[in-house]
Peer 1: 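Quick one: this structure, given as structure tokens, is what I'll be asking you about.
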Amino acid sequence: MHEYCELKVRIERGDDQAFRVAAAGPSGEATGTFQVPFSQVELENLVLRVSRPRQTVRRIDSPEMELVRRFGNELFNSIFQSRVRDVYRDSYAQARAEGKGLRVTLALGDAPNLMNLPWEYLYDEPAFLSISTWTPVVRYLNLPRARRPLPVMPPLRILAMVSAPSDSVQLDVEREKHLLEEALGGLVTSGGVEIFWLEQATLRALQRELRRGPYHIFHFIGHGGYDHAAEDGVLLL
């Protein structure tokens, strides 16, 4: 497990289609602008292309992988420009010189309509940031004040919901469930964690189960989006 320095990248609403960017890391601070480099239609096509079932084994040089690289690189170059890019590069070099990784924290609370962008595809040649242990990418929600830590007596209880409507892009639900159970297997065996699967993906079923609690974590496997009219995030149940 690496120790990490942090590069905070805050994105706020700006003028017209542009957003303001403020980056702060171990090497200093910088400001810039950001514009979404692709349309909503292109984003939807990307999701359809990379999530459709395949009849063959996916190769590293597959058309889908090249598409993801291109999207990820355009997104990276759009947000890490000029001095913001310099702060990223210098902060990464400084972190590595100290034997640490650089956690890229995206603060999107002031621009929630950017939450549905494929930030996990950020690509800086030759690698995707989020799958490298040296450059994990996390999203951060701005809160008006810090929340007090929640005291928990083991076991940590996780309520997990699977939502796979037939009229949406199909997910590999069984694989996602396996990954969660595999990652927490040791803690489950030792009694430190309990996972409860809620297969009925409705709001009523969720509310009913929460009343039976207590639960400490809600883990959702499914689709989410952003309601532009309500200016709020949504989950597809």
Side-chain angles (χ1 to χ4, degrees), residues 2 4 6-12 17-19 21-23 25 32-54 56-82 84-85 87-89 91-92 95 101-141 164 168-173 175-176 179-180 183 219-226 228 233-236:
H2 294 303
Y4 291 96
E6 184 177 33
L7 176 68
K8 272 192 175 178
V9 181
R10 181 181 300 277
I11 306 177
E12 302 174 338
Q17 299 299 314
F19 294 86
V21 178
T33 59
F34 166 69
Q35 283 187 296
V36 180
F38 22 71
S39 67
Q40 185 62 35
V41 172
E42 289 177 305
L43 278 174
E44 292 172 357
N45 287 337
L46 171 67
V47 172
L48 290 173
R49 284 280 300 275
V50 301
S51 61
R52 68 186 180 185
R54 293 179 56 86
T56 59
V57 176
R58 178 167 296 176
R59 307 185 313 275
I60 193 169
D61 58 345
S62 67
E64 290 83 3
M65 183 61 73
E66 180 57 34
L67 177 64
V68 171
R69 283 198 195 97
R70 179 173 63 82
F71 264 72
N73 191 240
E74 288 184 20
L75 186 59
F76 178 88
N77 290 331
S78 295
I79 193 167
F80 291 103
Q81 302 182 54
S82 189
V84 174
R85 182 186 294 250
V87 168
Y88 165 73
R89 299 271 193 236
S91 294
Y92 177 73
L102 181 68
R103 181 185 295 110
V104 180
T105 303
L106 300 172
L108 305 175
D110 294 327
N113 52 321
L114 298 180
M115 287 293 291
N116 65 337
L117 289 180
W119 297 107
E120 64 273 19
Y121 294 158
L122 280 170
Y123 182 81
D124 183 25
E125 184 69 35
F128 294 97
L129 271 62
S130 62
I131 63 175
S132 170
T133 56
W134 295 105
T135 53
V137 177
V138 298
R139 305 182 196 188
Y140 173 80
L141 294 177
S168 65
V169 176
Q170 294 302 296
L171 303 173
D172 191 345
V173 171
R175 180 174 182 274
E176 294 296 330
L179 290 175
L180 179 64
H219 183 81
F220 180 75
I221 299 175
H223 291 288
Y226 182 76
H228 291 274
V234 297
L235 296 180
L236 186 59

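Nothing here was measured: the structure is a model prediction, and the numbers come from that model.
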Peer 1: Are the side chain of W119 and the backbone N or O of L114 linked by a donor-acceptor pair below 3.5 Å?
Peer 2: yes

Peer 1: If I take atom CD1 from residue I79 and atom CD1 from residue I11, how far apart are they, to the nearest 0.5 angstrom?
Peer 2: 3.5 Å

Peer 1: Quick one: CZ on R10 to CG on L106, what's the gap to the nearest 0.5 Å?
Peer 2: 11.5 Å

Peer 1: Does the pair E74/R70 count as a salt bridge with the N-to-O cut at 4.0 Å?
Peer 2: yes

Peer 1: When you check the gap from the basic side-chain N to the acidic O, do D124 and R89 get nearer than 4.0 Å?
Peer 2: yes

Peer 1: For a quick test of reading the model, state the closest non-hydrogen atom pair linking Q35 to A18 and the distance between them.
Peer 2: CG-CA, 3.8 Å

Peer 1: Atom CD of E125 and atom CZ of F76: how far apart are they, to the nearest 0.5 Å?
Peer 2: 11.0 Å

Peer 1: Using a 4.5 Å cut-off on heavy atoms from C-beta on, say whether the side chain of Y123 contacts that of V68.
Peer 2: no

Peer 1: On a heavy-atom basis, which atom in Y4 and which in L102 lie closest, and how many Å separate them?
Peer 2: CD2-N, 3.8 Å

Peer 1: Nearest heavy-atom pair of L7 and S91: which atoms, and what distance?
Peer 2: CD1-OG, 4.3 Å

Peer 1: Which atom names give the shortest non-hydrogen contact between Y121 and F128, and what distance separates them?
Peer 2: O-CD2, 3.5 Å

Peer 1: Distance alone, cut at 3.5 Å: any donor-acceptor contact between the side chains of E120 and S130?
Peer 2: no

Peer 1: Measuring from atom CZ of F34 to atom CG of L75, what distance do you get when rounded to the nearest 0.5 angstrom?
Peer 2: 5.5 Å

Peer 1: Keeping Q81 on the side-chain end and S78 on the backbone end, is there a donor-acceptor pair under 3.5 Å?
Peer 2: yes

Peer 1: Restricting to non-hydrogen atoms, name the atom on V21 and the atom on T33 that form the minimum distance, rounded to 0.1 Å.
Peer 2: CG2-C, 3.9 Å

Peer 1: Taking all atoms of both residues into account, what is the closest heavy-atom pair of T135 and Y92, and its distance?
Peer 2: CG2-CE1, 3.5 Å

